[in-house]
Amino acid sequence: MRMSKLFVQTLREFPNDAEAISHKLLVRAGYIKKLTSGIYSYLPLMQRVISKVSQIIREEMNAAGAQELLMPFVQPSEVWEKSGRWEVYGKELARFNDRHGNKMCLAPTHEEVITSVVSGTFTSYKQLPINLYQIQTKFRDEIRPRFGLLRGREFIMKDAYSFHTSQESLDEEYENMARAYKRIFERCGLETKMVQSDSGAIGGSVSHEFMVLTSTQTGENDVFYCENCDYSANSNHAISILNINETDGAKYGYSEKKLVDTPNVKTIEDLAKFLKIDSNCILKSVFYIADSKPVLVMIRGDKDVEETKLLNALNALEIRPATNDEAIEYLGCEVGYLSYLNVDANKVKIIFDKSAQGMKNFVIGANEPHKHYVGCNFDKTPEFVDVSLVKEGELCPNCKKPLKVTRGIEVGNIFQLGTKYSKPMGATYTDENGVEKPFIMGCYGIGVTRTASAAIERYHDDFGIVWPKEIAPYHVDIVPVNADDSEQMDVALKIYNELLNVGVEVVLDDRADRAGVKFKDSELIGFPYRITVGKTVKEGLVEFKERKTGEVEKLSPEDVIEKCKKILLS
RNA sequence: CGGGACGUAGCGCAGCUUGGUAGCGCACCUCGCUUGGGACGAGGGGGUCGCAGGUUCAAAUCCUGUCGUCCCGACCA
């Protein structure tokens with residue numbers, strides 16, 4: 001490809017509406033163009049990256065025994081009503097009516113359709129297990145799309161679905177997919193960590209996410225992991241062991257239950273300071289509204305509620321912190337002094353977080369403005385549920401060593417669905433005894449466009465993108481320093497044609513611009529290798545520069561061709 | 001959906017307080033010059049100032065409404 005013909009426009013400045021570095025670089029280097037919020041055109045450079053990632057996925061999925069198919073992007077409400085998700089999916093599911101008034105939607109995922117595809121087609125246990133996948137555009141009408149392709153509303157996803165006759169068979173395929181995923185991301189140049197996760201709206205029991213660990217702030221999730229054993233989990237799934245010996249208020253002289261005045265002391269921080277006590281001796285009350293019903297969470301003062309865990313514990317669909325007015329309405333007291341004491345458990349659901357277990361002589365709100373109790377103890381031991389966010393340094397649930405935290409981008413996930421879809425949808429096979437049974441299912445996703453973005457988040461520098469060569473849009477950028485110099489141009493053309501012939505993906509920057517412009521663009525776009533044909537051509541030499549390391553070698557045109565072949569075609 | 005900010009040329013921005021012929025840089029086009037790190041000179045094209053009302057002799061500017069975009073939270077590949 002000649003640079004003068006390539007459909008690309010690099011920008012001198014970063015776009016104003018981008019925050020994440022991958023988003024900034026994709027726009028500035030001419031890979032994507034926004035059409036509207038969360039929806040982008042993939043320009044030729046981007047399309048090549050997408051093809052590379054997709055091809056790697058295809059090869060590995062096929063090698064793992066899966067078969068590619070392609071399902072409809074526009075779907076009727078019927079299948080969604082059958083699975084029960086038409087009601088619960090929420091506004092992320094983009095719905096519309098067709099001209100006949102039939103309810104339709106744009107596919108955010110394909111569990112329903114794949115289930116109906118397999119149902120009635122593969123009806124014998126002899127035909128199972130089977131794993132089917134597709135690479136396709138999805139649409140999720142996210143409340144807040146952001147970070148460019150890291151979270152678009154429209155994005156490209158590889159989604160696979162497996163069907164089994166037994167849990168053992170599913171377990172086997174789950175492991176098989178986990179191995180395939182590891183290889184896929186490795187081939188994309190990405191190191192990933194497989195972490196336990198919450199299964200969210202897709203449902204099911206066992207699930208793991210594949211995270212690209214990033215040091216940048218734009219990592220989407222916190223990942224907790226143990227350096228001693230191999231425990232790792234997403235923040236909405238991580239559990240930890242807390243040291244409960246230190247949570248006795250008696251240590252601070254509060255060993256008897258007493259009502260104390262705490263004027264205008266509303267926050268845990270202020271309360272700890274006011275009473276000269278550690279915040280882990282305070283039993284904090286956090287008030288939520290879950291599916292329009294009030295829920296009071298009692299949690300240790302130094303801990304925070306993990307709302308996904310709470311959502312799951314309540315089996316609720318939607319949750320939000322209550323307002324001060326709602327606190328007064330349901331509990332008769334303003335926020336800051338709330339407590340479960342004297343609260344009618346029939347009217348307000350009360351949840352005790354595990355962190356409260358073992359607390360003694362604690363401080364708690366009095367459910368009366370500007371007053372707290374000190375020296376409280378549980379009358380009878382309540383049931384404790386884990387709804388708190390793990391913090392770095394808390395102990396690993398397996399080996400009790402301190403946990404570490406890092407930011408990560410979720411690029412893939414695997415779920416064991418069980419019969420969550422097959423049962424309600426009546427998708428069954430006939431077993432060896434002639435009995436009809438629902439399929440046992442698994443599903444496996446990879447965000448293709450997100451993977452490409454994650455690679456940029458992981459590999460970039462002050463000058464631009466530093467693509468791993470496996471997913472770079474082109475391998476080599478040939479820069480004749482002066483396009484008017486026929487000697488330079490001749491040598492550049494010779495190398496270009498030679499590399500083209502042997503199948504190296506190469507760009508010739510034949511533009512009339514000065515060298516600086518071409519160098520800047522080359523680095524911004526992120527070609528893994530650059531061949532500079534400049535004044536050393538008189539000595540029969542050209543320069544070969546590696547983007548990642550910045551290392552430069554002076555080679556003859558013949559040697560540089562051999563070098564490219566060796567690095568890029570093996 | 002809650003909190004915050006912003007909509008002026010393809011991109012980045014000024015002008016708005018105090019109403020009076022819409023500007024700058026980059027990019028684009030032409031010519032010249034230049035050619036190892038985003039050169040320089042001359043000339044040129046491109047904007048119903050997000051949209052709709054209102055106030056006014058006159059609105060990018062003031063008022064009201066509305067739509068959109070971005071950031072923080074919850075959701076997710």
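Just so it is clear: chains get the letters A, B, ... in the order the sequence lines come, proteins before strands, and each one is counted from 1. Keep in mind that the numbers below use all heavy atoms, side chains included, and drop hydrogens, waters and symmetry copies.
To the nearest whole angstrom, the two P atoms, one in B/U34 and one in B/U21, are 43 Å apart. Rounded to a whole angstrom, the distance from the P atom of B/U17 to that of B/U64 is 15 Å. With both ends at atom P, the span from B/G38 to B/G10 equals 28 Å, rounded to whole Å. Spacing of P atoms, B/A9 relative to B/G50, comes out at 8 Å, to the nearest Å. Rounded to whole Å, the C1' atom of B/G20 lies 27 Å from the corresponding atom of B/G25. B/U8 and B/U61 are spaced 13 Å apart, taking the P atom of each and rounding to whole Å. Remark: the separation of the C1' atoms in B/C28 and B/C63 is 39 Å, to the nearest Å. Taking atom C1' on both nucleotides, B/G36 is separated from B/C49 by 43 Å, rounded to a whole Å.
When the side-chain nitrogen and oxygen atoms of A/K34 are compared with OP1 and OP2 of B/C70, one or more of them lie within a distance under 4.0 Å. Checking the phosphate oxygens (OP1, OP2) of B/G68, no side-chain nitrogen or oxygen of A/T36 falls inside 4.0 Å. OP1 or OP2 of B/C13 has at least one side-chain nitrogen or oxygen of A/N16 nearer than 4.0 Å. Side-chain N/O atoms of A/S37 include none lying less than 4.0 angstrom from OP1 or OP2 on B/G68. Look at A/N413 and you'll find a side-chain N or O under 4.0 angstrom from OP1 or OP2 of B/A77. For the OP1/OP2 pair of B/A74 and a distance below 4.0 Å, the side-chain nitrogens and oxygens of A/T308 include no atom meeting the criterion. In terms of phosphate contacts, A/R12 brings a side-chain nitrogen or oxygen within less than 4.0 Å of OP1 or OP2 of B/A27. Taking side-chain N and O atoms only, A/R153 has no distance below 4.0 Å to OP1 or OP2 of B/C76.
Looking at the side chain of A/E307, the nearest of the listed nucleotides B/A74, B/G37, B/G25 is B/A74. Checking B/G25, B/G38, B/G37 against every side-chain atom of A/T10, the shortest atom distance belongs to B/G38. Taking every side-chain heavy atom of A/D17 into account, B/C70 is the closest of B/A77, B/C70, B/G37. Comparing B/A39, B/G12, B/C76 against the side chain of A/R151 picks out B/C76 as the nearest. When distances run from any side-chain atom of A/R450 to the nucleotides B/C13, B/A77, B/G38, the shortest one goes to B/A77.
In this model, no side-chain donor or acceptor of A/R511 finds a partner on the base of B/G38 within 3.5 Å. In terms of polar N and O atoms assigned as donor or acceptor, the side chain of A/R146 never comes within less than 3.5 Å of the base of B/C71 in a complementary pairing. At a cut-off of 3.5 angstrom, counting only N and O atoms as typed in the model, there is a donor on one side and an acceptor on the other between the side-chain of A/E543 and the base of B/G36. Remark: the A/R28 side chain and the B/G38 base include a donor-acceptor N/O pair separated by less than 3.5 Å. No hydrogens or angles were tested; on distance alone, a donor-acceptor pair under 3.5 Å links the side chain of A/D521 to the base of B/G38.
Checking B/U66 for Watson-Crick or G-U wobble geometry (two distances, each under 3.5 Å) identifies B/G50 as its partner. Using N1 to N3 plus N6-O4 or O6-N4 for Watson-Crick, or N1-O2 and O6-N3 for G-U wobble, each under 3.5 Å, B/G43 pairs with B/C29. Taking a pair to require two hydrogen-bonding distances under 3.5 Å in either a Watson-Crick or a G-U wobble arrangement, B/G2 pairs with B/C72. In this structure, B/C24 and B/G12 make a Watson-Crick or G-U wobble pair, each of the two defining distances being under 3.5 angstrom. Using Watson-Crick or G-U wobble geometry with both donor-acceptor distances under 3.5 Å, B/U17 finds no partner in any strand shown.
By the 4.0 Å N-to-carboxylate-O rule, A/K563 lies close enough to A/E553 to be salt-bridged with it. Between A/D477 and A/K518 there is no salt bridge, since none of the side-chain N atoms of the basic residue sits less than 4.0 Å from a carboxylate O of the acidic one. Under the 4.0 Å criterion applied to side-chain N and carboxylate O atoms, A/R140 and A/E154 are not assigned as salt-bridge partners. Under 4.0 Å is where a charged nitrogen must lie from a carboxylate oxygen, and between A/E60 and A/R187 at least one such pair does. In this structure, A/R28 does not pair ionically with A/E13, as no charged nitrogen and carboxylate oxygen lie closer than 4.0 Å. The residues A/D302 and A/K284 are annotated as not salt-bridged, no charged nitrogen and carboxylate oxygen being separated by less than 4.0 angstrom.
Between A/Q9 atom CD and B/G10 atom C1' the separation is 8 Å, expressed in whole Å. Remark: P of B/G36 and CG of A/L541 are 18 Å apart, rounded to the nearest angstrom. Atom P of nucleotide B/U35 and atom CG of A/D484 are separated by 10 Å, given to the nearest angstrom. One interatomic measurement links the two molecules: CD of A/E539 to P of B/G36, which rounds to 15 Å at whole-angstrom precision. Between A/E142 atom CD and B/A74 atom P there is a gap of 13 Å when expressed in whole angstrom units. For the pair A/K520 NZ and B/A39 C1', the interatomic distance rounds to 14 Å; values are reported in whole Å. Between A/N312 atom CG and B/C76 atom P there is a gap of 9 Å when expressed in whole angstrom units. The CG atom of A/N234 sits 10 Å away from the P atom of B/C75 (whole-angstrom rounding).
Using a 4.0 Å heavy-atom criterion, one finds that A/G152 contacts the bases of the nucleic acid, with or without backbone contacts as well. Residue contacts shown for A/V411 are limited to sugar-phosphate atoms, with no base heavy atom under 4.0 Å away.
The aromatic ring centres of A/Y444 and A/F415 sit 6.0 Å or more apart.
Every residue was checked against the side-chain hydrogen bond (donor to acceptor under 3.5 Å, both in side chains) condition with A/Y225, not counting sequence neighbours, and none meets it.
Where A/G412 and A/L524 meet RNA chain B, the nucleotide closest to each residue was compared, and A/L524 sits on the side nearer the 5' end. With the nearest nucleotide of RNA chain B identified for both A/I446 and A/K535, A/K535 has the one nearer the 5' end.
For B/A77, the base is stacked against the aromatic ring of A/F155, per a cut-off of 5.5 Å between centres and 30° between planes.
Both tests do not hold together for A/R153 against A/F139: distance to the six-membered ring centre under 6.0 Å, angle to the ring axis within 45°.
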